[in-house]
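Structure record follows, encoded as structure tokens.
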Amino acid sequence: MDRSAARLTAALAPSATNPVDATRDQLTVDLTARSGALALASNHRQLRSVLHARDAMDEWTIAAELRPPTVRAYEAAAAELLAAASEALDTGWQSSCAACGQAVRVAAWRWEEALDADQERGQPTARRATCAACRALGRRGGDAATMLPNEVASAGLLEPAVRARVDGRFAGAVDGAAARWSTRQLRSLDALSSALERSSESAVMLGALRLTLTEAAVAMARPQRAGRAWWEIAPWQALLDAIDARRRIYLTAQPVPSQLTMSSDLTALTYPGGGTIVVRGGAAARTSLATLITRTAAIRVALLRVTVGGSADERSERAIAARWAGEQSDSDPLLVALQSNDAVTIASALARLLVAMNPLMLHDPLLVVDLDDHPEQLAGVLTAISLAGAAGSVARRLDDDRTPGLTVTARLSEPPAIGLQPRSQLSLMSDLVVAHGEPVTPRQLLPAYATARARAAHASGELLDAAAFADELRDVADLHAKLRPA
């Protein structure tokens, strides 16, 4: 069990004290699911769960975690996909070894200007390749990176049929979306995408292949900023790397509990049993869930999870790359707003989300909000919770990739603390410094100050202002620089 699942399992511990028959009517919900962590934690506590994936890539990732294909079947399906597009994968990537003259397959071309890769007969400045003949003879490990004299990388115009398919896949996307890949890459990606459309694999395997192709497309995309050198990765190499990475994930993954079933039909919640429901997040999905909860008195929501933050550029890259795997829908605006780093935007989006989920909030679930280690995000989250009539507490966490973050937990029914009075920022920080001891760092002080400030506001009936609160938290984060001894 990963760190996220372990933390959520601990948060659900109070529910485990109820009889088993009663816990089966309790539900956990993740409105911005990026992984199957909540499903695994809920299954450990014998609870059912609903996961709203942020986008197509997250939906495929969750499905791969909860219903992974066997490694052998995945390798066979991936090999079949490579074979179906083999001719296009070779076009523009053939050369010869400078040492022995044998044919080699170029893994990447280096360009000093990224746009130079689209020249019909451009001259790259370096390449990556391996010569099988030299490797067999023990020469330099088969390295064939040495360029031929005046070597060119040919990139003919796309055939009209290929161009039409590419334009169709990116219809409605941002302008210049297809230009993130070179002409050589577009030809290969089109062949892989067409082969995936013709595939007769099962739904589980198709999801794994779609995820693999999208990951490969993201890895080989052209940099957004002009004037930067670029290694133009060959699609066959990027896909092999993505296949190898996903194969290792399947090999090292913990076994999925046999009783953990996965479905996309919400009506399954009206029948006894365990399992998890995985759907694409959005307004329609939230409305359907709220309606079902309202009409089904036997279901009680025990935990509601929301994730805030992330990279807007990464989200955009993922959404564009997912079009190669057949995904054409746009991201939900509310979920996009939650990935902002602006306190006012986050507060508004989270408040709207809680209002939309009012039928679930009536059950007084434990609200868990995971966010980046960012004062603006923290201010936005605590402001939204303040608008909902609660205070919340802040704790630090460490994700599986060793990235630090913050977790805010709250219950709307929690009564205000008695005896707390509004205090100045300096007075509150002074008490926290004394409580934590010397030396205290902003990393220790920020969550403690945010928690104390939110509780004081809740006790006095004050509604936090997102922008002003963000300024307060930035001051706390900058405290170390201001108090550094001369």
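Values below: all heavy atoms of this structure, side chains included; hydrogens, waters and symmetry mates excluded. Small disclaimer: the values here were computed from a predicted structure and weren't measured.
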Flag the pair [X] and [Y] as a salt bridge only when some basic side-chain nitrogen lies within less than 4.0 angstrom of an acidic carboxylate oxygen.
X    : Y    : value
R280 : D55  : no
R34  : E59  : no
D190 : R163 : no

Would you compute the distance between atom [atom1] of [X] and atom [atom2] of [Y] and round it to the nearest 0.5 angstrom?
X    : Y    : atom1 : atom2 : answer
R286 : L360 : CZ    : CG    : 12.0 Å
L378 : L371 : CG    : CG    : 6.0 Å
T407 : R397 : OG1   : CZ    : 4.5 Å
R318 : T214 : CZ    : OG1   : 9.0 Å
L353 : N358 : CG    : CG    : 12.0 Å
S35  : L40  : OG    : CG    : 8.0 Å

field: Verdict with reasoning, R222 to S182, per side-chain hydrogen bond (donor to acceptor under 3.5 Å, both in side chains)
entry: CA-CA 8 Å; R222 203 190 315 250; S182 69; 5.6 Å; no
- request: Check side chain to side chain donor-acceptor pair (under 3.5 Å) between T294 and all other residues, then give those that pass, not counting sequence neighbours.
  value: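 By the side chain to side chain donor-acceptor pair (under 3.5 Å) rule, T294 matches no residue at all.
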Expected output: side-chain [X] to main-chain [Y] donor-acceptor under 3.5 Å:
X    : Y    : result
Q185 : M220 : yes
R48  : T28  : no
E65  : G36  : yes
S348 : V344 : no
R300 : Q26  : no
W181 : A217 : yes
T212 : A242 : no
S386 : L464 : yes
R323 : A171 : yes
T403 : D399 : no

field: Residue pair L27, L269: steps toward the side chain to side chain contact (heavy atoms under 4.5 Å, CB included) verdict
entry: CA-CA 9 Å; L27 183 69; L269 295 176; 3.9 Å; yes
Looking only at the side chains, is there a donor atom on one of [X] and [Y] sitting less than 3.5 Å from an acceptor on the other?
X    : Y    : answer
S49  : S42  : no
T267 : D265 : yes
D364 : S413 : yes
S393 : T451 : no

Where is the tightest heavy-atom contact between [X] and [Y], given as atom of each residue plus distance?
X    : Y    : value
V308 : V381 : CG2-CG2, 4.0 Å
S340 : I346 : O-CD1, 3.2 Å
D332 : A283 : OD1-N, 3.7 Å
W60  : A325 : CH2-CB, 3.6 Å
T345 : A337 : CG2-O, 3.8 Å

Taking side chain as C-beta onward, heavy atoms only, is [X] less than 4.5 Å from [Y]?
X    : Y    : answer
V336 : R315 : yes
H52  : L289 : yes
L211 : L213 : no
M57  : E327 : no
L387 : L463 : yes
L338 : T32  : yes
T276 : L260 : yes
D475 : L473 : no

Cationic tip of R72 above Y74 ring, under 6.0 Å, 45° of axis: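 No, R72 and Y74 do not form such a contact.
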- request: Determine, stepwise, if the pair L304 / D30 fulfils side chain to side chain contact (heavy atoms under 4.5 Å, CB included).
  value: CA-CA 6 Å; L304 183 66; D30 192 338; over 6 Å; no
task: Check the pair R396, D373 against salt bridge (charged side-chain N to carboxylate O under 4.0 Å, His left out), reporting the backbone distance first and the verdict last.
output: CA-CA 8 Å; R396 291 201 170 275; D373 191 356; 2.8 Å; yes
- prompt: Run the salt bridge (charged side-chain N to carboxylate O under 4.0 Å, His left out) check on E75 and R246 step by step: do they pass?
  reply: CA-CA 10 Å; E75 289 175 338; R246 191 130 297 276; over 6 Å; no
message: Between R247 and D244, does the side chain to side chain contact (heavy atoms under 4.5 Å, CB included) criterion hold? Intermediate values first, please.
response: CA-CA 5 Å; R247 183 180 67 87; D244 185 59; 3.1 Å; yes
task: Given side chain to side chain contact (heavy atoms under 4.5 Å, CB included), test L192 with L81 step by step and report yes or no.
output: CA-CA 7 Å; L192 289 167; L81 178 64; 4.1 Å; yes
field: side-chain contact (heavy atoms from CB on, under 4.5 Å) partner of L367, chosen from L303, I385, V408
entry: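 Result: among L303, I385, V408, I385 is the only option passing the side-chain contact (heavy atoms from CB on, under 4.5 Å) with L367.
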Pair up each side-chain donor or acceptor in residues 196-205 with any protein partner under 3.5 Å, not counting sequence neighbours, and list the distances.
from : atom 1 : to   : atom 2 : distance (Å)
S199 : OG     : E201 : N      : 3.2
S202 : OG     : M205 : N      : 3.4

field: Residues E317, R180; criterion salt bridge (charged side-chain N to carboxylate O under 4.0 Å, His left out); working and verdict
entry: CA-CA 9 Å; E317 290 287 346; R180 302 186 184 210; 2.8 Å; yes
